[in-house]
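Residue numbers start at 1 and run along the sequence shown. Remember, it's 1-based here, ligands and their atoms both numbered in the order they're listed. Below, all heavy atoms of this structure are taken into account, side chains as well, without hydrogens, waters or symmetry copies.
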Amino acid sequence: MTTLLNIDANAKTVKGQKLGFMTAILYLLPWKHGGVNLCPMAEIAGCAASCLNTAGRGGIAKRGAIIATDGGSIPDNTIQRARQARTKLFNENRNLFLSKLLTELDAFIAQAKRKGLVPVVRLNGTSDIQWERVRINKTTPNIFALYPDLQFYDYTKIAKRFNRKLPDNYHLTLSYSEASKRYAASCLKARADHNVSMVVVVRNLEAKARYSMEAEITGANVVDGDAHDLRFLDPANSVVVLKAKGSASKDTSGFVID
Ligand code: SF4
């Protein structure tokens with residue numbers, strides 16, 4: 001069985017090491033690709049086709065081979081097959097999945113400490129699960145309660161998650177999209193109601209400069225989302241501007257802003 005957590009395996013989390021943090025990320029199959037929809041807002045937010053799931057090596061397959069899924073198809077490569085195996089375990093044997101996750105988290109925390117780094121964790125690398133509602137057992141309401149000193153963070157497209165109090169050690173950044181007016185309005189409302197930070201994915205460097213300047217004019221605290229991935233360091237109510245990667249650079253749904 002493949003490991004669940006990837007540790008400092010992408011360029012952005014490696015940047016976090018320079019700031020003293022070590023990042024573990026859980027990558028599952030997004031949207032309906034694993035048979036159960038792990039991204040309930042992906043359709044309305046228009047992000048399923050532009051998901052980072054197929055960025056980098058995850059998007060490359062020999063002779064363009066694909067695996068047919070309930071969400072359409074994914075490239076047939078070892079990265080997607082590992083995500084498929086993890087997702088199957090999450091959906092079909094939750095107890096085994098959680099016990100494996102806890103074992104790997106314990107080892108990751110020890111590894112980070114040996115290196116003198118602060119361990120931080122993203123459980124939704126390529127999914128949008130409401131982890132605060134995933135019970136560990138009858139007495140433990142979620143994984144955050146088991147690790148009160150461990151910082152978790154994620155991006156989300158589920159604005160209603162901000163309506164409930166989140167665990168103190170779980171930082172969420174809302175992900176904006178203009179794929180539908182209803183979704184865009186729900187993001188702006190959550191931002192106004194709960195002072196949350198919001199990430200905006202823009203087409204290219206020109207759009208990034210323009211959008212950043214426009215946001216600054218409105219008085220927003222603008223953060224360069226490409227500098228590192230440690231969103232829990234951002235001031236509350238920030239606008240995080242991120243350049244599109246992989247298939248997202250060709251997005252026409254409204255998820256990527258021009
Ligand atoms: S919600 Fe996030 S993980 Fe899910 S399809 Fe959209 S971008 Fe990908």
Side-chain angles (χ1 to χ4, degrees), residues 4-6 9-10 12-13 23-59 66-75 77 79-80 82-88 90-91 121-134 152-162 166 170-180 182-184 186-187 190-191 196-203 225-226 229 231 240-257:
L4 296 181
L5 296 173
N6 279 245
N10 77 41
K12 244 170 107 182
T13 57
T23 312
I25 305 187
L26 171 63
Y27 292 103
L28 301 175
L29 283 184
W31 175 228
K32 297 176 183 170
H33 291 303
V36 174
N37 187 0
L38 297 185
C39 303
M41 302 307 285
E43 203 153 20
I44 181 175
C47 55
S50 310
C51 182
L52 272 182
N53 182 46
T54 53
R57 289 188 302 122
I66 56 165
I67 304 169
T69 70
D70 287 1
S73 67
I74 50 174
N77 58 38
I79 291 175
Q80 299 298 339
R83 290 177 188 176
Q84 192 176 43
R86 289 180 204 122
T87 309
K88 186 172 162 59
F90 176 79
N91 287 330
V121 180
R122 258 182 77 187
L123 294 175
N124 280 331
T126 40
S127 53
D128 202 0
I129 296 163
Q130 299 189 63
W131 286 100
E132 63 276 20
R133 307 185 82 183
V134 176
F152 293 82
Y153 70 105
D154 271 320
Y155 300 87
T156 187
K157 290 203 164 61
I158 308 173
K160 72 171 188 198
R161 292 176 82 182
F162 295 96
L166 289 163
Y170 191 29
H171 182 279
L172 279 182
T173 302
L174 185 60
S175 178
Y176 185 63
S177 165
E178 294 181 351
S180 84
R182 185 157 70 88
Y183 181 77
S186 73
C187 288
R191 195 163 142 68
V196 300
S197 292
M198 190 169 80
V199 64
V200 180
V201 182
V202 294
R203 180 86 53 205
D226 294 303
D229 194 46
R231 295 280 65 86
V240 182
V241 187
L242 193 62
K243 190 168 108 32
K245 316 265 181 322
S247 54
S249 55
K250 298 189 181 74
D251 173 85
T252 53
S253 72
F255 168 42
V256 173
I257 309 294

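- Less than 4.0 angstrom separates some heavy atom of C47 from each of these atoms of ligand 1: 1 (S), 5 (S), 6 (Fe), 7 (S).
- The two residues C39 and W31 have their closest heavy-atom pair at SG-N, 3.1 Å.
- Proximity of a side-chain donor or acceptor of T87 to a complementary backbone N or O of L29 within less than 3.5 Å is detected.
- Contact atoms of ligand 1 toward K157: 7 (S) (distance under 4.0 Å to a heavy atom of the residue).
- Under 4.0 Å from ligand 1, the heavy atoms of S127 that appear belong solely to its backbone.
- With a 6.0 Å radius and a threshold of 12 heavy atoms from other residues, nucleotides or ligands, K250 has its NZ atom at or below the threshold.
- Using a 4.0 Å cutoff on heavy atoms, T126 counts as a contact of ligand 1.
- The number of heavy-atom neighbours closer than 6.0 Å to CD of E43, taken from other residues, nucleotides and ligands shown, is 12 or below.
- Under a 3.5 Å cut-off, the side chain of R203 and the backbone N or O of D251 do form a donor-acceptor pair.
- Here is the list of ligand 1 atoms found below 4.0 Å of a heavy atom in C39: 1 (S), 3 (S), 4 (Fe), 5 (S).
- Residue contacts to atom 8 (Fe) of ligand 1: C51 brings an N, O or S atom closer than 2.8 Å.
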